[in-house]
Amino acid sequence: MRSQPGTLMHKSRTALPLVLAVAAFTGCSAHAIIPAPATDAPLAAHHGKQVAVFAGGCFWGQQAVFERVKGVIDTTAGYDGGTKATATYDQVTTETTQHAESVKVVFDPAKISYGTLLRVFFSVHDPTTLNRQDRDVGISYRSAIFTQNDEQRHIAETYIAQLNAAKVFPHPIVTQVVPDKGFYDAESYHQDYALNNPDNPYIMVCDRPKIETLKKEFPSLYVEYYGK
């Protein structure tokens, strides 16, 4: 199981040398540069707030990426796909709740489009592995897009078809595209976890590279983040 706050390990990792050795052999997911979506919403004429919800493995890393994207106003780590009654970490880790570890992204549609957020999303996780990311296995680690409206659903489904047709990934994308029926905030110690625990071995091996991918592949989108 993943460690509780104050400890160093994530899930079954038991020592930093072991984590680094395994990572050196298999690596956390790395992908080719993802093309921009052919179908996207235009930038809005006026500033505002819209919501996107993504699940792509451990929410520590997903939040660490999106909070560093220009045009993103706020992020929250949480649970989506199950019920309010089961939206606790202890229950979600039993892999029986239908929840996925997720990140809610509040963004300004005049500064960044939904399609661009999707492009970042597909660049920092592996959407071809069912119910797992790297060595994190279970339904809570599935790849999913929880759409807020029909426009988001259309953009997401069209983009997935585009990526599959172009064979951007070596295997078909298994990302779910489903209506968002309820996002529930995770416990406070999960918020900004990567920022607050930079020396955690899991953060060092699997989440810090996601931030570097954002910085390298999307330099015009990258902004430094120092906390809320």
Side-chain angles (χ1 to χ4, degrees), residues 1-32 34 54-69 72 75-80 87-95 97 99-105 120-144 169 185-218 222-228:
M1 303 300 291
R2 185 184 306 173
S3 66
Q4 295 302 310
T7 62
L8 287 178
M9 304 314 300
H10 172 99
K11 290 188 71 66
S12 62
R13 283 67 166 179
T14 56
L16 177 57
L18 176 61
V19 175
L20 296 178
V22 171
F25 181 73
T26 60
C28 285
S29 296
H31 312 296
I34 309 300
F54 304 117
C58 175
F59 46 25
W60 296 346
Q62 291 289 309
Q63 184 180 36
V65 168
F66 282 106
E67 63 196 6
R68 289 171 170 82
V69 174
V72 169
T75 64
T76 306
Y79 312 108
D80 210 319
T88 67
Y89 187 71
D90 286 345
Q91 293 180 90
V92 171
T93 53
T94 67
E95 304 298 342
T97 68
H99 276 299
E101 292 194 10
S102 307
V103 59
K104 180 172 71 174
V105 179
V120 172
F121 170 67
F122 282 114
S123 297
V124 296
H125 86 294
D126 185 351
T128 71
T129 52
L130 185 64
N131 296 334
R132 72 177 298 155
Q133 286 296 306
D134 304 303
R135 289 160 298 281
D136 290 338
V137 180
I139 194 171
S140 67
Y141 298 108
R142 70 188 183 273
S143 176
F169 297 96
D185 293 5
E187 294 82 354
S188 60
Y189 64 84
H190 285 300
Q191 307 304 328
D192 279 352
Y193 190 91
L195 179 71
N196 295 326
N197 298 272
D199 295 327
N200 179 302
Y202 182 87
I203 300 300
M204 295 169 64
V205 172
C206 280
D207 291 343
R208 195 174 295 170
K210 297 180 193 295
I211 298 171
E212 292 305 313
T213 294
L214 173 69
K215 191 173 184 179
K216 179 181 178 181
E217 296 184 9
F218 303 95
Y222 181 84
V223 294
E224 293 291 345
Y225 178 76
Y226 303 101
K228 298 180 181 179

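Keep in mind that what you see is a predicted model, and the values were worked out from it rather than measured. FYI, side chains are in, hydrogens and waters are out, and symmetry mates aren't considered; it's all heavy atoms of this structure.
Between Val103 and Thr76, every side-chain heavy-atom pair lies at or beyond the 4.5 Å cut-off. Annotation: side chain of Val69 is not in contact with side chain of Val223 (no heavy-atom distance under 4.5 Å). Side-chain contact between Val137 and Tyr141 is absent, with no heavy-atom pair separated by less than 4.5 Å. Side-chain contact between Thr75 and Lys104 is absent, with no heavy-atom pair separated by less than 4.5 Å.
Side chain of Lys210 to main chain of Val124: a donor-acceptor pair is present (N/O by atom type, distance under 3.5 Å, no hydrogens or angles). Judged by distance alone, with hydrogens and angles left aside, the side-chain atoms of Glu187 form no donor-acceptor pair with the main-chain N or O of Thr88 at under 3.5 Å. Listed for the Glu101 side chain is a donor-acceptor partner under 3.5 Å among the backbone atoms of Phe59.
Taking the six-membered ring for Trp and thresholds of 30 and 60 degrees, Tyr193 and Trp60 have nearly parallel ring planes, at less than 30 degrees apart.
For Ser140, the side-chain hydrogen bond (donor to acceptor under 3.5 Å, both in side chains) test picks out Glu95, with sequence neighbours left out. With sequence neighbours excluded, the residues forming a side-chain contact (heavy atoms from CB on, under 4.5 Å) with Thr129 are Asp126, Arg132, Gln133, listed by chain and number. Every ring-ring contact (aromatic ring centres under 6.0 Å, His included) that Phe66 has, sequence neighbours left out, goes to Phe54. Glu212 is linked by a side-chain hydrogen bond (donor to acceptor under 3.5 Å, both in side chains) to nothing, counting only residues two or more places apart in sequence or in another chain. For Ile211, the side-chain contact (heavy atoms from CB on, under 4.5 Å) criterion is met by Ala64, Arg68, Tyr222, not counting sequence neighbours. Among residues two or more places apart in sequence or in another chain, the side-chain hydrogen bond (donor to acceptor under 3.5 Å, both in side chains) test is passed with Thr213 by none. For Ala55, the side-chain contact (heavy atoms from CB on, under 4.5 Å) partners at least two apart in sequence or on another chain are Ala100, Ser102, Ala144, Phe146. Asn131 is linked by a side-chain contact (heavy atoms from CB on, under 4.5 Å) to Ile139, Arg142, counting only residues two or more places apart in sequence or in another chain.
Shown here for Thr128 and Phe169, the closest heavy-atom pair between the two residues is CG2-CB, 3.6 Å. When all heavy atoms are compared, the tightest approach of Gln63 to Lys228 is NE2-NZ, 4.4 Å. The two residues Ser123 and Ile34 make their nearest non-hydrogen contact at OG-CG1, 3.2 Å. Across Phe121 and Ser143, no two heavy atoms sit closer than the pair CZ-OG, 3.9 Å.
One distance of note links OG1 of Thr97 with OH of Tyr89; it measures 12.0 Å at 0.5 Å rounding. One distance of note links SG of Cys58 with NE2 of His190; it measures 8.5 Å at 0.5 Å rounding.
For the 3.5 Å distance criterion, the side chains of Tyr202 and Asp136 qualify, holding a donor opposite an acceptor. Side-chain polar atoms of Gln191 and Ser188 form no donor-acceptor pair below 3.5 angstrom. For Asp192 and Tyr225, the side-chain atoms include at least one donor-acceptor pair closer than 3.5 Å.
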Begin with the C-alpha distance, continue with both residues' side-chain angles, and end with the deciding distance and a verdict on side chain to side chain contact (heavy atoms under 4.5 Å, CB included) for Cys206 and Asp134. CA-CA 9 Å; Cys206 280; Asp134 304 303; 4.2 Å; yes
